[in-house]
Amino acid sequence: MCEHLLVSLSCYIWVRTQRIVEFNEMEQIKHRTVEVNGIKMHVAEKGEGPVVLFLHGFPELWYSWRHQILSLSSLGYRAVAPDLRGYGDTEAPPSISSYNCFHIVGDLVALIDSLGVQQVFLVAHDWGAIIGWYLCMFRPDKVKAYVCLSVPLLRRDPNIRTVDGMRALYGDDYYVCRFQKPGEMEAQMAEVGTEYVLENILTTRNPGPPILPKGRFQFNPEMPNTLPSWLTEEDLAYYVSKFEKTGFTGPLNYYRNFNLNWELTAPWTGGQIKVPVKYITGELDMVYNSLNLKEYIHGGGFKQDVPNLEQVIVQKGVAHFNNQEAAEEIDNYIYDFINKF
């Protein structure tokens, strides 16, 4: 019994020590505000060397890359992670159309220029990944190589608008369709509270397409009673503190621009992305398992559209938020890829 107590105590001390070390390293991350494309953008950064630009998804923040910032900065890179327009401490323009792909990419090009570099290594997840594909499409000269998490290139179908295509597949209760009407989803989220919304989404492990029936907000009907090991109470509290301040309208406006982005990108229909790419997803990722993307990724379509796609990695037992759930593995995958250039 004494031995068991000693082992338990040793494990506790080791975990606490690791937390203290990481907290001290997090304290060394620099935060500043830069003027880009007519807005003030909050940026977190650490390290010296070639720039690795990290783009977060929904409903996340620069903080989603905390592990990668610490890891890559220790390996000789300058890790830069902004809060995207509408998120966290970055400004949130009021109009829906201010969140179209041209505006967001404009923010990023201005940010890259402000860093004093010609090119960056790009690492992006979820909506950040979608914006990452647009950046590679519009300004490939700015991206040396791209590590894409979760969302592959969404090939533009010239015959049907993006949201209309999603509705045809999954109906009106598909989450993207439910997000379209201004104010409606915000009101539903307000009923259950910011903390519940964030915990409900971040803990989802359902590989099926997210369906949101009208009524109580339930992105993840099987929400666990405890947080997963990769998401601490402190982590959740940080997210909550920022979304309590900003609300969800800015982030939801990205979804409300899907059809406008479809119109704006008509000139690029059928075009190829020539940037070197590594794609990583979890086998339980809801995106990977929806929209016929599994067939696209493994059936040759992805490689046809992205001829310099060097590798596709599917992580066993990992869900959507793989940069946080499998942080160390993702750190290694990023370094192994960008270290070649």
Side-chain angles (χ1 to χ4, degrees), residues 36-39 41 53 55-58 82-87 90-113 119-120 122 124-143 146 148-170 174-183 185 248-275 277 279 287 290-293 296 301-302 304-307:
V36 297
N37 200 23
I39 65 168
M41 172 176 273
L53 177 61
L55 307 180
H56 66 79
F58 172 87
D83 284 332
L84 293 176
R85 161 182 302 234
Y87 283 88
T90 292
E91 282 190 295
S95 70
I96 292 174
S97 62
S98 294
Y99 296 82
N100 73 56
C101 56
F102 288 168
H103 286 294
I104 309 297
V105 170
D107 296 346
L108 299 178
V109 171
L111 173 61
I112 293 168
D113 289 345
Q119 286 188 315
V120 298
L122 182 65
H125 172 259
D126 189 75
W127 251 107
I130 297 174
I131 297 301
W133 289 115
Y134 286 134
L135 178 61
C136 292
M137 185 184 295
F138 304 152
R139 294 298 304 271
D141 58 303
K142 292 293 182 183
V143 182
Y146 180 22
C148 174
L149 309 185
S150 179
V151 186
L153 179 68
L154 300 178
R155 178 187 279 176
R156 184 183 185 277
D157 183 343
N159 300 309
I160 187 168
R161 298 190 304 173
T162 305
V163 178
D164 300 353
M166 293 174 175
R167 185 175 284 111
L169 272 176
Y170 300 121
Y174 183 58
Y175 79 110
V176 173
C177 302
R178 288 293 316 284
F179 285 177
Q180 293 303 307
K181 188 174 180 182
M185 188 51 57
F248 291 95
T249 296
L252 290 172
N253 282 343
Y254 284 69
Y255 294 90
R256 293 164 184 158
N257 275 279
F258 260 132
N259 279 349
L260 177 56
N261 290 342
W262 178 85
E263 294 178 23
L264 294 173
T265 55
W268 287 270
T269 301
Q272 292 181 316
I273 302 291
K274 299 292 181 67
V275 171
V277 172
Y279 172 76
V287 177
S290 303
L291 302 171
N292 302 315
L293 290 177
Y296 171 70
F302 195 13
Q304 181 182 335
D305 293 339
V306 187

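Here, residue 1 is the first one in the sequence, and each next residue gets the next number.
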Do [X] and [Y] have side-chain heavy atoms sitting under 4.5 Å apart?
X: I273; Y: M137; answer: yes
X: T90; Y: P82; answer: no
X: V306; Y: W133; answer: yes
X: I130; Y: N261; answer: no
X: L84; Y: L108; answer: yes

Under the 3.5 angstrom rule, does the side chain of [X] hit a backbone N or O of [Y] as a donor-acceptor pair?
X: W127; Y: P251; value: no
X: N257; Y: I96; value: yes
X: D126; Y: G128; value: no

What verdict does the side-chain contact (heavy atoms from CB on, under 4.5 Å) test give for L291 and Y174, after you've listed the backbone C-alpha separation in whole Å, the side-chain angles of each residue and the deciding distance to 0.1 Å?
CA-CA 11 Å; L291 302 171; Y174 183 58; 3.9 Å; yes
Pairs involving residues 98-111, ordered by first then second residue, that meet side-chain hydrogen bond (donor to acceptor under 3.5 Å, both in side chains) (sequence neighbours left out):
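Qualifying pairs, neighbours excluded: N37-D107, R85-D107, S95-S98.
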Measure across [X] and [Y] and return the closest heavy-atom pair with its distance rounded to 0.1 Å.
X: L153; Y: F302; result: N-CE1, 3.8 Å
X: Y279; Y: S150; result: OH-O, 2.7 Å
X: R256; Y: G183; result: NH2-N, 3.9 Å
X: P307; Y: K274; result: CG-CD, 3.9 Å
X: L122; Y: C136; result: CD2-SG, 4.2 Å

What's the spacing between [X] [atom1] and [Y] [atom2] if we round to 0.5 Å?
X: S97; Y: F102; atom1: OG; atom2: CZ; value: 12.5 Å
X: M185; Y: Q180; atom1: CE; atom2: CD; value: 10.5 Å
X: D141; Y: L135; atom1: CG; atom2: CG; value: 8.5 Å
X: H125; Y: H56; atom1: NE2; atom2: NE2; value: 12.0 Å

Please name all residues satisfying salt bridge (charged side-chain N to carboxylate O under 4.0 Å, His left out) with R156, sequence neighbours left out, ordered by chain then number.
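Applying salt bridge (charged side-chain N to carboxylate O under 4.0 Å, His left out) to R156 gives none.
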Checking side-chain contact (heavy atoms from CB on, under 4.5 Å) for the pair Y170/Y175: CA distance, chi angles, key distance, verdict?
CA-CA 9 Å; Y170 300 121; Y175 79 110; over 6 Å; no
Checking ring pair (Phe, Tyr, Trp, His ring centres under 6.0 Å) against Y254, which of Y87, F58, Y134 comes through?
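When ring pair (Phe, Tyr, Trp, His ring centres under 6.0 Å) is applied between Y254 and each of Y87, F58, Y134, only Y87 qualifies.
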Are V109 and F138 close enough, and set up right, to give a side-chain contact (heavy atoms from CB on, under 4.5 Å), and what steps lead you there?
CA-CA 10 Å; V109 171; F138 304 152; over 6 Å; no
Got a list of side-chain donor-acceptor pairs under 3.5 Å for residues 162-169, not counting sequence neighbours?
unit_1 : atom_1 : unit_2 : atom_2 : d
D164   : OD2    : R161   : NE     : 3.0
R167   : NE     : D172   : OD1    : 2.9

Run the numbers on L293 and L154 for side-chain contact (heavy atoms from CB on, under 4.5 Å), then give the verdict.
CA-CA 8 Å; L293 290 177; L154 300 178; 4.1 Å; yes
